[in-house]
There are 2 protein chains.
Amino acid sequence: MPSFLDTRDADFAARFQALLEGKRESSQEVGDVVNTIIADVRARGDDALVELTNKFDKANVTPSTLRFTQEEIEAAAARVTPEVRSALETAHARIKAHHEKQKPADHIYTDEIGVTLGTRWTPIEAVGIYVPGGLASYPSSVLMNAVPAKVAGVERIAMVVPTPRGEINAAILAAAKIAGVTEIYRVGGAQAVAALAYGTKTIAPVDKIMGPGNAYVAAAKRQVFGKVGIDMIAGPSEVLVIADSSANPAWVAADLLAQAEHGAGAQSILVTTDPRLADAVAKEVDRQLAVLPREQLTREGWEEFGAIITVASLDEAVELANRIASEHVELAVDDPKALMPRIRNAGAIFLGHHTPEAIGDYVGGSNHVLPTARSARFASGLGVLDFVKRTSILGCDPSSLAILAPAAVTLAETEALDAHGRSVSIRLNR
Amino acid sequence: MPSFLDTRDADFAARFQALLEGKRESSQEVGDVVNTIIADVRARGDDALVELTNKFDKANVTPSTLRFTQEEIEAAAARVTPEVRSALETAHARIKAHHEKQKPADHIYTDEIGVTLGTRWTPIEAVGIYVPGGLASYPSSVLMNAVPAKVAGVERIAMVVPTPRGEINAAILAAAKIAGVTEIYRVGGAQAVAALAYGTKTIAPVDKIMGPGNAYVAAAKRQVFGKVGIDMIAGPSEVLVIADSSANPAWVAADLLAQAEHGAGAQSILVTTDPRLADAVAKEVDRQLAVLPREQLTREGWEEFGAIITVASLDEAVELANRIASEHVELAVDDPKALMPRIRNAGAIFLGHHTPEAIGDYVGGSNHVLPTARSARFASGLGVLDFVKRTSILGCDPSSLAILAPAAVTLAETEALDAHGRSVSIRLNR
């Protein structure tokens, strides 16, 4: 059974707090194993990488077959149906068009006393993209990571993807080809992250590693953080639907189930001002579950972590939404644009009855890599800004230095940093 | 002795690599201690916080005296000299003016098929600022963290600062007052980070924790990351000066020493096209060291980690600078603006002979919290963007949904996410 809450219930505060704090991930203790794997790849390079890959992925690679050849990529891309290729191309074009608008502009100016000040953006030189194997091997995620990198101007994109028993999802390579990614390796797990961070003979090191993965990949990303940048540690996916009486219960139910079918701790929450809608959605969820191919997994996700919360007003809904800080927030209400500015903590907001979250997963144009586990309070979804970095620019001439010098020297002395003060004052004594 | 390298030496590549990989920090293994402290503060709240504070800081606080009163802040602020107050006010005004220009703009638009797409920025609600005690307790750092938070629109700023033996640097509170920070607690160490992340009765939890600290503070930030956001894990400070024959050896030496006086692994590197300048700077460093109050610490920093690298051309200097990816890069050359665009990996770039790095530490207006330890390859200095987060906006109407639906459904099916596809197609069957 999912949770049913009502803000007018006496125990609401406690139950809502429990919902907020509910742990949806088993914290596998894999740190030590990952530590050993990283040390092994650092010490033995390709030899370790190949051994670990053949062991964990039951594959049969050698250093010379680690990288997909251009012919292999072309051949795989040719195996997807024209329909899938066309859908990937549509998604690619829309994601590219939207992310082009995220490119930050340099801003260098001279202030009123003659100091040059500014912000300059530079693409990161080399980025690694981790693509999971198995069930969660999504071609759409290849686009969501590779397109902003390309738009940002990243020169080198190295993609890693495990090939269990030597198998690869052709759509993954088709998506990579469409996105212009040509450097792809058949490796995964902590060993792939180690290779990207420290480099081997075959895989040159990168500056930042992006992309989701299992507990081993997440632990490896945490461990190499500092040596390289990382995007985020992704948690289970989640949706919060805010609905009023204008919402269609069947559509809302379909959206809750779309999230629940991710399994692995995914969470779907409905917050509604309309108790009849709450009932109708609950019934619709049961009805629709019966026809889903992944019924068992989806049902478990819904029953373990799903919740329907009835509230007295949209004001209450806004307050709860901001405390939940969900990855995805759907506004299935009569006037979504009026409500939107009040939802301050959300990875992405979907406006109105005709914007199912799944549109954003694929072809809306916005990025589907978004902050989970309440981190939308402080974190943002993936975008072009994650593939660039900012350098400050500062320039004084003799006259502006003379104006600023007394305050700088005073502060340096206050901080007992005399050499700091001296580096300023020495330029005045001519 | 600092290192002396020349790109024309046979062993240059190996020695440069050693310089790049040189470890400047002792990696204290404090993870377990910090883990225990965090668990204690989570379990016992203020009681643990007060006990740990009184033990580690030899202080004498109670839950009711944890927070500085407004009167205490005013009194401390009144203790600084008018000269220091005025210098802090100058710094504040300049930092504020520059950071105002960093505020990102929302961008919401409707595309050619009628889809609403956009980026909306929201300030983080509550931020914690850690201010170290002891030697590295810098009022300038209070401004560098608090001003961008204020400019971003952060509603609540909670500052923590340890008060060893009950003592506080009055300039810290003066800087806080000037920046408009009113919520300040006499706590530090891992216990302060735990309180900010999880909250106690006295200290409400925040969403993100900023600011430098010792190994315990750094480990605590790593451990609470995910529950809250963190800024970065700051390493030892560093400067790279690129100089040609137009540079003044005494000024360059003063800048190298300003960095070296931070001690604790700080690194100063000169890269020059002029062998005579290399010699002259080395001599000047020795001469100036003799007159510094912190001579011993500064000499040790310079001799252990300092380096002078002679290169054949500015092209070589650029290449080395981009591999070093220094926190601060000074361009002490004839035409700094021509060289600037080629330096792609740097936290901040200082243009020309009249821009000592120390100006940027205090009153230039740019932020002095910058990426260290080669992380300028992928990371940026602190700014307004660190105190806001981005929410994606997506909205379809019936017609644009109908256009996008086929590609979305195809991709959902390819990924075996049938409920995703169904949440789209169900909206078409009316």
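Here the structure is a predicted model, which is why all the values come from computation and not from measurement. Letters go in sequence order (proteins before strands), and every chain restarts at 1.
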Does any backbone or side-chain atom of [X] lie under 4.5 Å from a heavy atom of chain A? Answer side chain, backbone, both or neither.
X: B:Asn169; result: neither
X: B:Val291; result: side chain
X: B:Arg94; result: side chain
X: B:Ile113; result: side chain
X: B:Pro293; result: side chain
X: B:His353; result: backbone
X: B:Leu382; result: backbone
X: B:Leu292; result: side chain
X: B:Ser140; result: both
X: B:Arg120; result: side chain
X: B:Asp361; result: side chain
X: B:Ala379; result: backbone

Donor-acceptor check, side chain of [X] to backbone of [Y], threshold 3.5 angstrom: yes or no?
X: B:Arg374; Y: A:Gly226; value: no
X: A:Lys389; Y: B:Arg344; value: yes
X: B:Glu415; Y: A:Ser137; value: no
X: A:His354; Y: B:Leu401; value: no
X: B:Arg422; Y: A:Ala258; value: no

Measuring from [X]:[atom1] to [Y]:[atom2], what's the distance to the nearest 0.5 Å?
X: B:Thr90; Y: A:Leu404; atom1: OG1; atom2: CG; result: 8.5 Å
X: B:Ser392; Y: A:Leu370; atom1: OG; atom2: CG; result: 5.5 Å
X: A:Asn322; Y: B:Thr122; atom1: CG; atom2: OG1; result: 9.0 Å
X: A:Phe350; Y: B:Cys396; atom1: CZ; atom2: SG; result: 10.0 Å
X: B:Leu117; Y: A:Leu351; atom1: CG; atom2: CG; result: 10.0 Å
X: B:Tyr362; Y: A:Thr414; atom1: OH; atom2: OG1; result: 8.0 Å

Aromatic plane relationship, B:Phe225 with A:Phe225 - under 30° parallel, 30 to 60° tilted, over 60° perpendicular: parallel
Considering only NZ, NE, NH1 and NH2 on the basic side and carboxylate oxygens on the acidic side, decide whether B:Asp111 and A:Lys101 come within less than 4.0 Å. no
What residue in [options] has the most heavy-atom pairs under 4.5 Å with chain B?
options: A:Met340, A:Lys208, A:Met232; value: A:Met340
options: A:Val228, A:Thr298, A:Asn367; value: A:Val228
options: A:Gly347, A:Ala171, A:Pro341, A:Ser86; value: A:Gly347
options: A:Pro123, A:Ala260, A:Ala325; value: A:Pro123
options: A:Ile359, A:Leu331, A:Thr119, A:Thr391; value: A:Thr391
options: A:Ile393, A:Thr372, A:Leu394; value: A:Leu394

Non-hydrogen side-chain atoms of [X] and [Y] separated by less than 4.5 Å:
X: A:Arg377; Y: B:Ile124; value: no
X: A:Leu257; Y: B:His420; value: no
X: B:Asn248; Y: A:Arg427; value: no
X: B:Gln102; Y: A:Arg390; value: yes
X: B:Thr410; Y: A:Val84; value: yes
X: A:Ile426; Y: B:Gln288; value: yes
X: A:Glu125; Y: B:Phe378; value: no

Toward chain B, the part of A:Ala376 with a non-hydrogen atom under 4.5 Å: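 For A:Ala376, backbone heavy atoms alone lie under 4.5 Å from chain B.
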Pick one of side chain, backbone, both or neither for A:Leu256, based on which atoms fall under 4.5 Å of a heavy atom in chain B.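 A:Leu256 has no heavy atom closer than 4.5 Å to chain B.
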Quick check on the interface: out of [options], who has the most heavy-atom pairs with chain A under 4.5 Å?
options: B:Asn345, B:Val252, B:Val127; value: B:Asn345
options: B:Val388, B:Leu88, B:Thr81, B:Asp207; value: B:Asp207
options: B:Ala97, B:Pro336, B:Pro139, B:Ala91; value: B:Pro139
options: B:Ser366, B:Ala405, B:Ala254, B:Pro398; value: B:Pro398
options: B:Ala250, B:Pro104, B:Gly381; value: B:Gly381
options: B:Ala373, B:Pro371, B:Ser375, B:Ala346; value: B:Ala346

Check this for me: B:Glu83, atom CD, are more than 12 non-hydrogen atoms of other residues, nucleotides or ligands nearer than 6.0 Å? no
Determine whether the side chains of A:Glu357 and B:Ser423 contain a donor N or O and an acceptor N or O closer than 3.5 Å.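 A:Glu357 vs B:Ser423: no donor-acceptor pair found between side chains.
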Closest heavy-atom contact between A:Ala87 and B:Ala407? CB-O, 3.7 Å
When the ring centroid of A:His98 is compared with that of B:His107, is the distance short of 6.0 Å?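 Here the rings of B:His107 and A:His98 have centres that are no less than 6.0 Å from each other.
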